[in-house]
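This report refers to the structure that appears directly beneath it.
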Amino acid sequence: MNRFSSFMASCKAKTTAYWRSRSAARKVLLVCGCIVVVAAAVALIRSLNASPQSIEKHLYGEEIGRNGLRYKHGSHIYDPETGEVLLDSITWLHVSSGDTIAILAKNHRRAFINLNTAQLITPLAFERAWEFACNRGVMARADSIFIFRRDGSLVTAMPIGASNQYEYLYYIDHLIVKTDYDHVGMLDTAGHWLLEPEYSMITIQYDQRLYNTRLGDECIVYNAELQPILRGAYKSIEIDWTEGLVVTEHDGIQRLYDYKGNLLYKMIFQRIEPLMYATGRKTADNEDIYDLTDCYVYRDYNDKCGLMDKHYKVLTPPLFHSIEAQTKHVFFATFGEYSDRFGTLIDDHGKALR
């Protein structure tokens with residue numbers, strides 16, 4: 001320790017003597033030279049820290065938004081230029097492709113967040129949320145839904161009562177809302193009812209941009225402008241995305257309409273097969289001999305079957321699960337399958353036998 005103190009004292013004395021022996025001009029040059037060396041060293045350090053390798057080393061997480069902010073999954077959002085954490089304790093972040101508004105989950109609640117600023121645009125107070133569609137985002141809490149614009153403002157001042165349905169997404173500016181167990185309606189982007197919540201069913205057929213609905217005893221198919229194109233007191237209407245509208249009457253008969261509601265075929269089938277019965281005779285090899293009846297079995301769009309004669313005249317509606325020939329003129333028509341299987345006997349005119 002004494003040696004080190006002596007060394008430092010000697011250095012200080014020599015430096016002082018050297019400084020006193022210099023002229024004023026040399027002192028100025030010496031100070032300027034030191035400043036230049038220090039500045040160069042600082043610039044070198046900064047350039048090293050700003051190199052691509054250094055930046056890449058300090059960056060982590062996913063880039064979000066359009067201002068270069070980054071998200072560390074299950075943790076926080078930060079600004080890579082300053083290193084500042086802008087929002088922390090994030091549970092998860094759902095980012096739609098190409099959108100700058102995302103769904104944020106934190107503390108078992110949901111909110112919409114602007115990815116450009118990392119600012120919440122709605123309160124962190126909702127139980128469920130769906131991504132934006134048609135410039136509208138929907139959130140749910142308890143038995144109510146809230147519809148938001150992209151700036152975070154509410155479309156309607158009061159929440160809309162709704163049941164716990166699976167999804168709330170706008171499609172061509174229309175939103176289907178199930179208000180309770182029995183009733184469904186449709187809202188526009190202003191929160192007005194386009195179809196009052198009086199329907200028991202509203203479904204979307206995306207390929208043809210059609211809405212399939214039921215109102216009381218009536219089936220109604222609407223186009224994208226909500227103009228009815230087909231309606232009637234049918235058992236059901238199904239929209240086949242490649243063929244048209246399949247209408248099932250209450251007796252099971254099915255008809256095919258085009259997507260504009262024009263009748264194409266008064267009756268349609270899935271397949272037609274011959275019916276064979278065991279004659280009771282045997283071949284030389286002791287195998288049962290089967291023969292054709294004078295009837296066919298047909299199957300409809302819903303895989304129900306009926307009986308038709310050899311001239312393809314329909315004898316029964318498609319009400320059965322299966323039809324089996326017992327003799328050439330008697331058939332067993334079933335209504336159930338497996339353990340629920342039961343049925344009745346009909347003749348080759350489609351009449352029930354007793």
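Worth knowing before you read on, the calculation uses all heavy atoms, side chains too, and leaves out hydrogens, waters and symmetry mates.
Ser153 and Asp151 share a side-chain donor-acceptor pair at under 3.5 Å.
Within the structure, no pair that satisfies the ring pair (Phe, Tyr, Trp, His ring centres under 6.0 Å) test touches residues 88-111, not counting sequence neighbours. Contacts classified as ring pair (Phe, Tyr, Trp, His ring centres under 6.0 Å) and involving residues 153-181 (residues at least two apart or in different chains) are given here: Trp130-Tyr168, Tyr171-Tyr206, His174-Tyr211. The list of ring pair (Phe, Tyr, Trp, His ring centres under 6.0 Å) pairs with a residue in residues 242-277, not counting sequence neighbours, reads Phe269-Tyr298.
Within the 4.5 Å cutoff, side-chain heavy atoms of Leu175 are placed close to those of Ile147. Taking 4.5 Å as the limit, every side-chain heavy atom of Ile229 sits out of range of all side-chain heavy atoms of Lys260. In this structure the side chain of Arg255 reaches within 4.5 angstrom of the side chain of Leu263, judged on heavy atoms. Put simply, the side chain of Leu93 reaches to within 4.5 Å of the side chain of Ile113, judged on heavy atoms.
With sequence neighbours excluded, the residues forming a side-chain contact (heavy atoms from CB on, under 4.5 Å) with Thr316 are Leu307, Phe320, Ile346, listed by chain and number. Qualifying side chain to side chain donor-acceptor pair (under 3.5 Å) partners for Asn286, counting only residues two or more places apart in sequence or in other chains: none. Shown here are the ring-ring contact (aromatic ring centres under 6.0 Å, His included) partners of Phe132, two or more places apart in sequence or in another chain: Phe112. In terms of the side-chain contact (heavy atoms from CB on, under 4.5 Å) criterion, residue partners of Arg341 (sequence neighbours excluded) are, by chain and number, Ser322, Glu324, Phe332, Thr334. Applying the side-chain contact (heavy atoms from CB on, under 4.5 Å) criterion to Asp348, with sequence neighbours excluded, gives Cys295, His329, Phe331. Listed by chain and residue number, nothing satisfies the salt bridge (charged side-chain N to carboxylate O under 4.0 Å, His left out) test with Glu243 (two or more places apart in sequence, or in another chain). Gln119 is linked by a side-chain contact (heavy atoms from CB on, under 4.5 Å) to Thr117, counting only residues two or more places apart in sequence or in another chain. Residues satisfying the salt bridge (charged side-chain N to carboxylate O under 4.0 Å, His left out) test with Asp303, not counting sequence neighbours, are Arg299.
No option in Thr82, Leu87, Asp88 other than Asp88 meets the side-chain contact (heavy atoms from CB on, under 4.5 Å) test with Val85.
For Asp143, the CG atom is loosely surrounded, since the number of other residues' heavy atoms within 6.0 Å does not exceed 12. Within 6.0 Å of the NZ atom in Lys313, the count of heavy atoms belonging to other residues, nucleotides or ligands does not exceed 12.
Through direct or relayed side-chain contacts under 4.5 Å between Ile, Leu, Val, Met, Phe, Trp and Tyr, Met276 connects to Tyr290, Leu292.
Remark: side-chain polar atoms of Asp285 are not paired, donor with acceptor, to backbone N or O of Glu287 under 3.5 angstrom.
Nearest heavy atom pair, residue Ile103 against residue Glu131, reads CD1-N, 3.6 Å.
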